[in-house]
Amino acid sequence: MSSCGITLQQRPCRFFWPYLFFRSFKFEFCYSNPHHFGNNFYHSSDSPGSLEFLYASLLEKSTERNHLKQIHSQLYRHGLQSDGFVITKFIRRGCDLTEVEYARQLFDEFPEPYVSLWNAIIMGYSTHNMLDKVVDMYWRMQRGLVSPDPRTFPHVLKACGGLAAEEIGLAVHAQIFRHGLEGDVVVQNGLVAFYVKCGKIDRARVVFDGLNRKNVVSWTSIISGYIQHGHPVEALRLFRDMRGSGVKPDWISLVSVGKAYSDIDDLEQGRCHHSLVMKMGLEFEPDLRIALTSLYAKCGQVMAAKSLFDQMKVHNVILWNAMISGFVKNGHAIEALDLFYEMISKDIQPDAVTLQSAVLATAQLGSLEQARLMDFYVKNSQFRDDVFVNTALIDMYAKCGNLELARQIFNQISNKDVVVWSSMIMGYALHGLGKEAADLFNEMKHARVSPNNVTFLGLITACSHSGLIDKGWEFFNSMKEFGIQPSQQHYAGVVDLLGRAGCVEKAYNFITAMPVQPGVSVWGALLSACKTYRQVALAEYAAERIFALDPLNIGHYVQLSNLYASSRMWDGVAKVRVLMKKKGLNKVLGCSTIEINGKLHAFRMGDKTHSRSEEIYNKLEWLETRLVECGFAPDKESALHDLDEEEKEAILCNHSERLAIAYGLISTAPGTTLRITKNLRACVNCHSATKLISKLVNREIVVRDAKRFHHFKNGSCSCGDYW
DNA sequence: CGCTTCGAGG
């Protein structure tokens with residue numbers, strides 16, 4: 001006899017209490033007539049009409065723990081307190097209402113839970129990302145000799161992947177094999193995702209290839225796997241295969257594919273992708289729109305991204321992050337910060353990613369005042385101890401010219417990882433402090449943190465910028481002891497190290513002995529050494545290589561041209577100029593900014609647009625006179641930063657940084673440190689002039705150029721004339 | 001079962 005029949009016939013008088021519940025929960029169908037259940041037509045526990053079914057329906061309508069408890073207390077009256085079907089429903093509903101603890105309590109009270117109950121609680125933990133609990137329950141289940149079923153495995157695999165618990169996952173794989181679940185696409189998809197998360201993309205591929213009926217989740221798992229492991233091209237190839245095999249993409253798969261296009265920075269394909277999304281009618285899927293916004297932002301189409309952003313109805317934090325980080329990536333620091341402040345003013349809570357992007361924007365801006373504000377904001381937020389945000393803060397303070405504050409942040413971080421150490425070392429490199437970088441590296445080894453390729457890049461750069469040739473060379477050679485392959489950047493760093501110190505020949509020999517083909521950066525380092533030491537023939541050779549590899553980068557042409565000019569080889573200058581014209585390249589104009597009272601003032605060379613222009617030029621003239629009195633004689637040959645303007649260039653040097661300095665002098669109190677940010681590298685003349693100015697006016701002047709920091713004080717510069 | 005924002009440099 002069915003449980004339904006027994007229940008209803010034995011306890012008919014108690015029957016109408018669920019009816020009251022129905023009323024109070026506005027249930028859509030109301031069994032007002034108890035006789036409706038009087039027949040024995042329904043006979044399985046999950047058919048409508050059974051008491052179990054009524055419980056299940058009630059549970060679906062409950063919205064809080066107290067409802068659940070109320071209903072649960074009724075179970076004893078019906079002798080259902082140990083009914084697996086009903087308790088399973090209770091556990092599931094409890095988990096849905098994020099009452100996982102309560103669900104667990106119900107589970108624990110159940111005398112001998114069988115597989116459905118285990119699955120319910122495991123699923124609950126899994127959906128709330130309590131992954132260690134999932135693994136724990138799985139282990140208990142094994143010990144209780146309850147055999148898992150196909151519904152158990154996906155959650156356990158998700159947990160193993162999330163915890164990077166490779167060994168456990170492998171054991172689960174073996175168990176899946178023993179269960180003969182090769183054909184279960186959901187379980188196998190779980191395996192694919194597990195191997196992806198453990199970094200075993202090849203094994204994931206083997207599982208994927210073994211599936212004879214792949215669904216859209218199978219394809220998305222392997223495609224996103226390739227994207228996460230830096231193979232967007234293979235991912236896109238698989239996406240084509242997927243469409244060829246007739247599997248229709250859903251919005252989640254399109255999110256992944258969008259990321260692949262942004263990774264290969266292919267705007268054209270990205271636009272095609274957008275039209276595919278529209279063709280499939282998925283353009284209003286919120287998360288897909290976020291992915292598209294991010295795609296446009298990363299491909300440099302900031303305005304397109306912004307218009308998508310503005311069109312979105314719901315602005316969640318991920319969308320804001322995509323937009324803010326998009327601005328930062330494309331060098332629009334001010335827009336990024338504007339957006340950040342807009343977000344705060346709208347009371348949208350930033351998360352760690354938002355703060356990180358905002359800090360990066362501040363670093364780009366180079367304003368120390370803004371940096372302090374940002375630091376203050378972070379320190380008063382719940383992300384004050386977030387290692388990502390703090391790493392960005394170190395970088396920010398270093399790039400805003402204050403290494404002491406960078407170091408303070410560094411010191412306060414507990415559990416410093418390799419990125420934290422590397423950032424601080426990079427900070428020292430930026431300021432040309434080789435010894436400090438090397439000391440920090442010793443501390444790092446002491447703390448038993450393994451260096452990576454960036455650590456060494458920082459060390460070599462730091463040595464190079466402070467003339468520590470032997471030390472830098474030593475660092476380069478010690479890389480292999482740490483099992484790190486030198487990259488092009490490291491080779492370029494060594495060429496820079498040797499070349500800067502005047503060993504141009506040695507640098508060239510080093511290049512010819514390289515085990516890999518030298519790239520643009522390596523030849524570029526040689527070219528700039530040749531420029532400094534006026535080695536025309538070798539420079540021409542290097543330039544030839546560079547132009548073949550990277551014909552559209554203006555910087556190299558300018559450098560070669562400047563070398564010709566400083567060697568009075570005017571036909572060479574003309575030749576380069578023709579070459580640049582032919583390629584349609586325009587020089588980047590020098591621009592310097594100075595922050596006065598929280599406002600940025602930007603100056604171009606010869607700029608007369610500033611409202612206090614007259615005062616600025618008066619001050620400049622005054623400075624120039626004083627400089628000449630001190631015996632300052634500009635080196636005309638190397639002052640040819642702007643070739644078109646060279647004839648017009650009077651004794652008065654009007655390079656942008658000098659305008660910024662002059663403005664700083666007339667608008668701040670005596671003794672105030674001037675902080676200037678410049679988009680190009682400092683020219684020799686301005687560098688020596690600034691040294692003298694710092695002494696003349698008794699001011700510290702901090703200049704961030706395109707490559708590094710210069711701290712001018714009392715007639716000398718922290719770079720030791722070595723940059 | 002699968003997805004989107006993200007740190008040090010170039």
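Throughout, protein chains are lettered first and strands after them, A, B, ... in sequence-line order, and every chain is numbered starting at 1.
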Classify the nucleic acid contact of A:Trp251 as base, sugar-phosphate or nothing, counting any heavy atom under 4.0 Å across all strands shown. base

- Query: Any side-chain N or O of A:Lys329 under 4.0 Å from OP1/OP2 of B:dC6?
  - Reply: yes

Closest to the side chain of A:Gln489, out of B:dG2, B:dT5, B:dG9, is B:dG9

Testing B:dA8, B:dG2, B:dG7 for proximity to the side chain of A:Met426, the answer is B:dA8

Closest of B:dG2, B:dA8, B:dT5 to the A:Lys298 side chain is B:dT5

Applied to residues 153-164 of chain A, the salt bridge (charged side-chain N to carboxylate O under 4.0 Å, His left out) test, sequence neighbours excluded, yields none

Taken to the nearest whole Å, CD1/A:Ile409 to P/B:dG7 is 18 Å

query: Are any of the side-chain nitrogens in A:Glu166 or A:Arg203 under 4.0 Å away from the carboxylate oxygens of its partner?
result: no

From CG of A:Asp386 across to C1' of B:dT5 the rounded distance in Å is 14 Å

With sugar-phosphate meaning primed atoms plus P, OP1 and OP2, does A:Glu285 contact a base, only sugar-phosphate, or nothing at under 4.0 Å between heavy atoms?
nothing

Over all strands shown, is A:Ser422 touching base, sugar-phosphate only, or nothing at heavy-atom distances under 4.0 angstrom? base

Whole-Å distance, A:Ile394 CD1 to B:dG9 P, equals 11 Å

Atom NE2 of A:His465 and atom C1' of B:dG10 are separated, to the nearest Å, by 13 Å

Checking B:dT5, B:dC1, B:dA8 against the side chain of A:Pro154 (C-beta onward), the nearest is B:dC1

The single option from A:Phe456, A:Tyr428, A:Trp421 that satisfies ring pair (Phe, Tyr, Trp, His ring centres under 6.0 Å) with A:Phe441 is A:Phe456

Which of B:dC6, B:dA8, B:dC1 is nearest the side chain of A:Ser423? It is B:dA8

Closest to the side chain of A:Val217, out of B:dC3, B:dC6, B:dC1, is B:dC1

Side-chain contact check for A:Ser126: nearest option of B:dG7, B:dT5, B:dC1 is B:dC1

- Task: Look at the side chain of A:Asp417 against the base of B:dG7 and say whether a donor-acceptor pair falls under 3.5 Å; ignore hydrogens and angles.
- Result: yes

Item to complete: Salt-bridge test for A:Arg237 and A:Glu234: reply yes if a basic N is under 4.0 Å from a carboxylate O, no otherwise.
Response: yes

**Prompt:** Within the structure shown, what part of the strands sits under 4.0 Å from A:Val216 by heavy-atom distance: base, sugar-phosphate, or nothing?
**Reply:** base

Rounded to whole Å, CZ of A:Arg213 lies from C1' of B:dC1 at a distance of 17 Å

Here the distance between atom P of B:dT4 and atom CZ of A:Phe284, to the nearest Å, is 23 Å

To the nearest angstrom, the CD1-C1' distance between A:Ile413 and B:dA8 comes to 11 Å

Exercise for the section: Please determine if a side-chain N or O atom of A:Ser357 lies less than 4.0 Å away from the OP1 or OP2 oxygen of B:dC6. Expected result: no

With a 4.0 Å cut-off on N to O distance, would you call A:Lys399 and A:Asp395 a salt bridge? yes

Just do the salt bridge (Lys or Arg N to Asp or Glu O under 4.0 Å) check on A:Glu335 and A:Lys329 with the steps written out, would you? CA-CA 11 Å; A:Glu335 286 87 343; A:Lys329 231 172 227 140; over 6 Å; no

Look at the side-chain N and O atoms of A:Lys158 and state whether any lies under 4.0 Å from the OP1 or OP2 oxygen of B:dG2. no

Do A:Lys346 and A:Glu342 sit within salt-bridge range, that is, some charged N less than 4.0 Å from a carboxylate O? yes

What nucleic acid atoms does A:Leu360 come within less than 4.0 Å of, heavy atoms only: base, sugar-phosphate, or nothing? sugar-phosphate

- When we call it a touch if two heavy atoms are under 4.0 Å apart, what does A:Lys416 touch: a base, just sugar-phosphate, or nothing? nothing

inquiry  = At 4.0 Å (heavy atoms only), tell me whether A:Asp287 reaches a base, stays on the sugar-phosphate, or touches nothing.
reply    = base

Could you tell me whether the phosphate oxygens of B:dC3, OP1 or OP2, come under 4.0 Å of any side-chain nitrogen or oxygen in A:Gln228?
-> yes

Residue-phosphate contact under 4.0 Å: A:Lys399 side-chain N/O, B:dA8 OP1/OP2: no

Give one of base, sugar-phosphate or nothing for A:Ser221, where a contact means two heavy atoms less than 4.0 Å apart.
-> sugar-phosphate

ask   = What is the nucleic acid contact for A:Asn215, judged by heavy atoms within less than 4.0 Å: base, sugar-phosphate only, or nothing?
value = nothing

A:Phe709 CZ to B:dG9 C1', in whole Å, measures 15 Å

- Task: Using only heavy-atom distances, decide whether a donor-acceptor pair under 3.5 angstrom links the side-chain of A:Asn390 to the base of B:dG7.
- Result: no

